[in-house]
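Along the sequence shown, residues carry numbers from 1. Ligands are counted one by one from 1 in listed order, and the atoms in each one are counted from 1 as well.
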Amino acid sequence: MRPAHPEGAVEEVRTIQHWIGGRQAAGTSTRTGTVWNPATGEHQADVLLADPADVDAAVAAASEAFQSWSQTSLSKRAKILFAFRQLVDARAQDLAEIIADEHGKVVSDALGEVQRGLEVVEFACGIPHLLKGDYSDQVSTGVDVFSFREPLGVVAGITPFNFPVMVPMWMHPVAIACGNTFVLKPSERDPSASMLVAELWAEAGLPDGVFSVVHGDKTSVDAILDHPGISAVSFVGSTPIARYIHERASVSGKRVQALGGAKNHAIVMPDADVDFASEHMVAAAFGSAGERCMAISAAVTVGDAGDGLVDAVAAKAAKVRVGPGRDAASEMGPVVTAAARDRIVGLIGSGAEQGASLAVDGRDYVVDGHENGFWVGPTVIDRVTPEMDVYREEIFGPVLSVVRVETVDDAIALVNANPYGNGTAIFTSSGEAARRFQRGVQVGMIGINVPIPVPMAYYSFGGWKDSLFGDKHVHGPEGVSFYTRAKVVTSRWPHVDNPVGASYHFPTHQ
Ligand code: NAD
């Protein structure tokens, strides 16, 4: 319940439940978190926060479901995936509106997120092909060797607020297609989309218990990390939590992939088309209010590219239409919470205090009619140096820092000195510079005149260094590998009339 009036009268808000065993579940915990509407600043719902008993209930349902789901034929699994794909596509607008209401991003951007999630479902629809093993005939006389992959069991996904549909879809369609059962712990800041996704899985014919949702916070996450019934954990979120998840889940014997935060640099060469580069830079820095792990947060201008780029970016940044996500005219929405806004505004101030110059200042931004929303306007900070907080911190807001260097090698060195290695891009008309950059940077995903180089679903997504703990990227071939383990069978069927004698030395091939 929330106080609705200063006089103290209270108004009910809905409570978002868990999804366990194919239905909504109230669980045992009475702890709740607040779900805000970032465009209005209203407390729009409460979400249950699971305690270990709730996690245990989800794992029990998932363990039971694994017995039959792991034995379900590939064609039956593929059929359910195709049906799920159809349903998500049909409900894309509903999902996008739910995302806009809880995350704050604009509906058109949320639709793009759903589309990128759908592409992973489409990839997973090809599971019969993806799980084909190898076969070697007659490796030795009368001996054949073949391999195939089996699911792990119950696997869990712990996901961030910034892509409440797409990031979980990097995980569950692939895990489930491989024959695992899946427990999702979405972000407690925008939990509702996961409930609609759960309903769509059920409607598609997925058996009860194969996909569950437990909402929660650190207590719930720790229960997942320590649970002996969970075989693997996929995590996406900030770097300190990713590091923690990787360590704690590894200690409890789980397979772990933990994707962390980012500080993505876009290099602008003097030979780049300034109009093209600035337009893409603005979209990549301010789309989704900069709350993307692949957002460009540092523009690195080489040689004399700086002044022209800053002027063009500043002019375009000032024209970005900021407003509620539900308003079709908005290009950029609010940030997710008041705390996020205050943190971002504080970092912008630190840039000014530490000697950078604010080309566009988005502090004190207010949208008429939505004065209580969590707004930060597009911000461009010029003449940033690597020692400044705005460069060292992952701001995760609509803030573009411009760092000026002399040569492309200086730019590559700057990218490589940064602890993160998620994405990076170069704007240039020189193939030589682009090639030197793509080979020289220690980063997992690289764009050439493409500012946000998110790999298609049939490749795998992941960064290097502090942007990924564990060695497998998500979705694509590495996702299939993460959610399965290999068996290699060596077989011999000797003819009764011609038995093969055993020997005491190590077998050699004949
Ligand atoms: P976050 O790390 O705060 O939360 C992620 C998840 O961890 C949530 O489910 C949350 O409930 C849980 N969590 C939070 N604190 C915890 C704690 N102390 N112990 C255990 N669990 C905890 O991240 P966020 O703010 O939701 O998302 C933004 C971050 O995610 C950014 O750093 C962004 O770069 C990163 N991100 C990375 C990628 C990628 O692919 N590398 C993609 C999207 C987002």
Within-cut-off N or O pair, [X] and ligand 1, under 3.5 Å:
X	answer
Lys185	yes
Val221	no
Asp222	no
Ser238	yes
Cys293	no

Could you give the side-chain donor-acceptor pairs of residues 233-242 under 3.5 Å, partners two or more places apart or in another chain?
| unit_1 | atom_1 | unit_2 | atom_2 | d |
| --- | --- | --- | --- | --- |
| Ser234 | OG | Gln257 | OE1 | 2.7 |
| Ser234 | OG | Tyr483 | OH | 2.7 |
| Thr239 | OG1 | Gly261 | N | 2.8 |
| Thr239 | OG1 | Asp466 | O | 2.8 |

Note the single closest protein heavy atom to [atom], along with its residue, its atom name and the distance in Å.
atom	result
atom 40 (O) of ligand 1	Phe461 CE2, 3.0 Å
atom 8 (C) of ligand 1	Thr159 O, 3.2 Å
atom 7 (O) of ligand 1	Phe235 CE1, 3.3 Å
atom 28 (C) of ligand 1	Phe396 CE2, 3.5 Å
atom 26 (O) of ligand 1	Phe161 N, 3.0 Å
atom 19 (N) of ligand 1	Lys218 CG, 3.4 Å

For ligand 1, which part of [X] has a heavy atom less than 4.0 Å away: the side chain, the backbone, both, or neither?
X	result
Tyr420	neither
Asn422	side chain
Glu188	side chain
Arg292	neither
Glu394	side chain

Numbered atoms and elements of ligand 1 in range of [X], under 4.0 angstrom, heavy atoms:
X	result
Gly261	32 (O), 34 (O)
Asn162	43 (C), 44 (C)
Trp170	40 (O)

Taking [atom] as the point of reference, which of [options] owns the nearest heavy atom?
atom	options	answer
atom 35 (C) of ligand 1	Pro160, Gly216, Gly237	Gly237
atom 3 (O) of ligand 1	Met294, Arg189, Arg248	Arg189
atom 14 (C) of ligand 1	Leu184, Ile241, Val167	Ile241
atom 41 (N) of ligand 1	Gly260, Pro186, Ala242, Gly157	Gly260

Assess whether a salt bridge exists between [X] and [Y], defined as any Lys/Arg side-chain N lying under 4.0 Å from an Asp/Glu carboxylate O.
X	Y	value
Glu113	Arg116	no
Arg292	Asp109	yes
Lys263	Glu393	no
Asp51	Arg31	no
Arg326	Glu97	yes
Glu331	Arg321	yes

Non-hydrogen side-chain atoms of [X] and [Y] separated by less than 4.5 Å:
X	Y	answer
Tyr391	Ser401	no
Phe374	Trp36	yes
Pro386	Leu414	yes

Residues in salt bridge (charged side-chain N to carboxylate O under 4.0 Å, His left out) contact with Asp327, at least two apart in sequence or another chain: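 Applying salt bridge (charged side-chain N to carboxylate O under 4.0 Å, His left out) to Asp327 gives none.
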Considering only protein heavy atoms, determine whether one is less than 4.0 Å from atom 30 (O) of ligand 1.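 Flag for atom 30 (O) of ligand 1 set to true, protein heavy atom closer than 4.0 Å.
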Are Asn180 and Val154 close enough, and set up right, to give a side-chain contact (heavy atoms from CB on, under 4.5 Å), and what steps lead you there? CA-CA 6 Å; Asn180 301 283; Val154 180; over 6 Å; no
I'd like to know whether the aromatic ring centres of Trp375 and Tyr365 sit less than 6.0 Å apart in this structure.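 They do not qualify: ring centres at least 6.0 Å apart.
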Less than 6.0 angstrom separating the ring centers of Phe482 and His475, yes or no?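 They do not qualify: ring centres at least 6.0 Å apart.
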